[in-house]
Number of protein chains: 2
Amino acid sequence: MEQFSEAQRDAMYANMFALFNQLYPLSPAVLATIRRHTNIVFFKRRSIILEHGKICRNCYFGLKGMVRAYYIKDDGQEITSWFMKEGDIIISVQSFFTQTESHEVLEALDDTLCISLRIDVLEEIYRKFPEFNFVGRKLTEHYYIQMENRAFSLRMDDARQRYDRLVAQHPDIITRVPIGYIASYLGISAETLSRIRSGTY
Amino acid sequence: MEQFSEAQRDAMYANMFALFNQLYPLSPAVLATIRRHTNIVFFKRRSIILEHGKICRNCYFGLKGMVRAYYIKDDGQEITSWFMKEGDIIISVQSFFTQTESHEVLEALDDTLCISLRIDVLEEIYRKFPEFNFVGRKLTEHYYIQMENRAFSLRMDDARQRYDRLVAQHPDIITRVPIGYIASYLGISAETLSRIRSGTY
DNA sequence: CACAAGTCTTGATATATATCAAAAAATTCA
DNA sequence: TGAATTTTTTGATATATATCAAGACTTGTG
């Protein structure tokens with residue numbers, strides 16, 4: 001992999017720390033501990049970050065690149081559950097939070113750069129710096145609300161409305177992700193999404 | 001409403017504290033603070049716990065009774081988002097976590113009894129007892145995973161499979177909730193659910 | 001207890017979206 | 001670059017589920 005200068009690393013961590021500090025102003029001691037016990041990892045385009053059935057033992061902070069999470073149906077069909085990118089926390093929610101075998105696969109859609117934090121290190125940080133639970137709670141709340149919105153759209157909106165909502169809320173996903181993955185995320189076939197986009201529907 | 005003896009209250013709180021302690025062993029000081037700054041509230045069957053457009057300023061712990069959360073579509077149709085009952089935390093997720101006007105309505109389906117905790121009190125507890133963020137984080141994670149499972153079922157399963165999954169995972173909801181509400185939660189019409197249940201599909 | 005109001009079922013038909021198949025376009029890589 | 005592969009589009013047909021309408025149940029209430 002590439003090596004990074006200290007200045008480059010500083011910039012990467014500044015990114016993540018800005019997010020944390022905005023939720024709860026953290027002491028230099030916590031930030032130094034985080035920096036000391038995490039590292040920068042690189043995933044090649046198309047590579048698997050987390051395999052199906054493995055336990056998600058790392059939490060990633062996205063620095064560059066798009067990642068998708070997907071399930072595999074019994075018939076082999078892949079169902080995309082979500083997309084994560086720069087500034088996002090990247091995990092298999094179920095697996096990371098419960099430390100059980102993941103139902104999801106995490107796959108890098110681009111060459112992807114992340115800060116990687118091991119669960120045991122994170123738990124140690126939660127223990128040693130209880131105020132960091134504030135950050136963990138706020139981030140969980142944030143992603144929970146996003147998930148709720150998506151579940152809601154699936155019940156309330158038809159295919160075209162779900163697509164329009166995604167375009168409105170996440171225009172970058174539309175441009176950066178192959179249409180087939182977007183279709184399975186929206187719960188529709190690739191053909192239907194193609195027709196929606198072409199104005200047939 | 002009714003008055004409760006100290007012994008009855010003890011039993012109610014024991015319920016909630018057991019949940020908390022199981023996530024993180026809390027000091028008597030926190031528990032005493034919680035008990036002192038919360039109260040038991042009663043909602044009559046069919047009454048509205050939280051109106052649409054109001055800010056959800058209380059977090060409830062369910063002691064008795066079923067509650068449903070629903071949205072109202074532009075055309076007036078009610079779409080049930082979830083059911084909460086004894087042992088559950090009852091809030092409008094979006095409204096409580098962001099302290100913005102609720103998109104959801106919370107409605108008591110039964111005569112319902114809850115422990116009520118004001119958001120400002122909760123925030124004070126988070127500040128004064130940072131370890132309580134651990135509990136808040138764990139609970140948020142738990143409900144987040146549940147929400148993920150539901151969003152997933154909506155994308156992956158057809159109507160019959162979604163119903164079967166609900167029966168398998170929450171048999172009590174089927175027996176305690178009118179079928180029309182269950183249908184809108186599953187994202188299908190009441191007629192279709194009726195046919196699924198009768199074995200037509 | 002009976003009637004009103006709401007809820008659930010059943011049937012007929014309509015519609016959104018899936019599926020299958022093949023061509024067209026885009027992307028990858030040797 | 002150009003052939004091979006993958007992705008996307010388009011067309012024809014099939015299907016799951018919605019909608020509309022009417023009747024049968026339930027339930028709550030005076």
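Just so we're on the same page: letters track the sequence lines, and every chain starts at 1.
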Pair listing, salt bridge (Lys or Arg N to Asp or Glu O under 4.0 Å) test, anchored in residues 10-37 of chain A, at least two apart: A:Glu6-A:Arg35, A:Asp10-A:Arg35
Expected output: side-chain B:Ser81 to main-chain B:Ala69 donor-acceptor under 3.5 Å: yes
Boundaries of the DNA chain D segment in contact with chain A, non-hydrogen, under 4.0 Å: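 Range of nucleotides touched by chain A: D:dT8 to D:dA12.
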Taking only residues two or more places apart in sequence, or in another chain, which ones meet [X] in a salt bridge (Lys or Arg N to Asp or Glu O under 4.0 Å)?
X        : result
B:Lys64  : none
B:Asp120 : B:Arg118
B:Asp164 : B:Arg160
B:Glu191 : none

B:Lys73 atom NZ, over 12 foreign heavy atoms within 6.0 Å: yes
Reading 5' to 3' through nucleotides 6-11 of chain C, protein heavy-atom contacts under 4.0 Å coded B for base, S for sugar-phosphate only, - for none: -SSBBB
Contacting residues from residues 155-166 of chain A, given that a heavy atom lies under 4.0 angstrom of DNA chain C: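 Residues of residues 155-166 of chain A that come under 4.0 Å of DNA chain C are, in numerical order, A:Asp158, A:Ala159.
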Helix axis bend for the helix from C:dC1-D:dG30 to C:dA30-D:dT1 - C1'-based end axes, five pairs, 10° rounding: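 The two end axes of the helix from C:dC1-D:dG30 to C:dA30-D:dT1 meet at 50°.
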Salt bridge present between A:Arg127 and A:Glu123 (N-O < 4.0 angstrom): no
Test side-chain hydrogen bond (donor to acceptor under 3.5 Å, both in side chains) applied to B:Glu78 - qualifying residues, sequence neighbours left out: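 Testing B:Glu78 for side-chain hydrogen bond (donor to acceptor under 3.5 Å, both in side chains), a comparison that skips the adjacent residues, returns B:Arg68.
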Approximate separation, where rounding is to 0.5 Å, of B:Tyr60 OH and B:Phe43 CZ: 4.0 Å
Interatomic distance where NZ belongs to A:Lys44 and C1' belongs to C:dT28 [whole Å]: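 For the pair A:Lys44 NZ and C:dT28 C1', the rounded distance is 12 Å.
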Validation: residues 86-98 of chain A side-chain donor-acceptor distances under 3.5 Å, sequence neighbours left out:
residue, atom, partner, partner atom, Å
A:Glu86, OE1, A:Arg176, NH1, 3.1
A:Glu86, OE2, A:Gly65, N, 2.9
A:Glu86, OE2, A:Arg176, NH2, 2.8
A:Asp88, OD1, A:Tyr143, OH, 3.0
A:Asp88, OD2, A:Lys85, N, 3.0
A:Ser92, OG, A:Ser95, N, 3.4
A:Ser92, OG, A:Ser102, OG, 3.0
A:Gln94, OE1, A:His103, N, 3.1
A:Gln94, OE1, A:His103, ND1, 3.4
A:Gln94, NE2, A:Thr100, OG1, 2.9
A:Gln94, NE2, A:Glu101, O, 2.8
A:Ser95, OG, A:Cys56, N, 2.8
A:Ser95, OG, A:Thr100, O, 2.7
A:Thr98, OG1, A:Gln94, O, 2.5
A:Thr98, OG1, A:Thr100, OG1, 2.6

Ring pair (Phe, Tyr, Trp, His ring centres under 6.0 Å) contacts in which one or both residues fall within residues 5-27 of chain A, not counting sequence neighbours: A:Tyr13-A:Phe17, A:Phe20-A:Phe132, A:Tyr24-A:Phe134
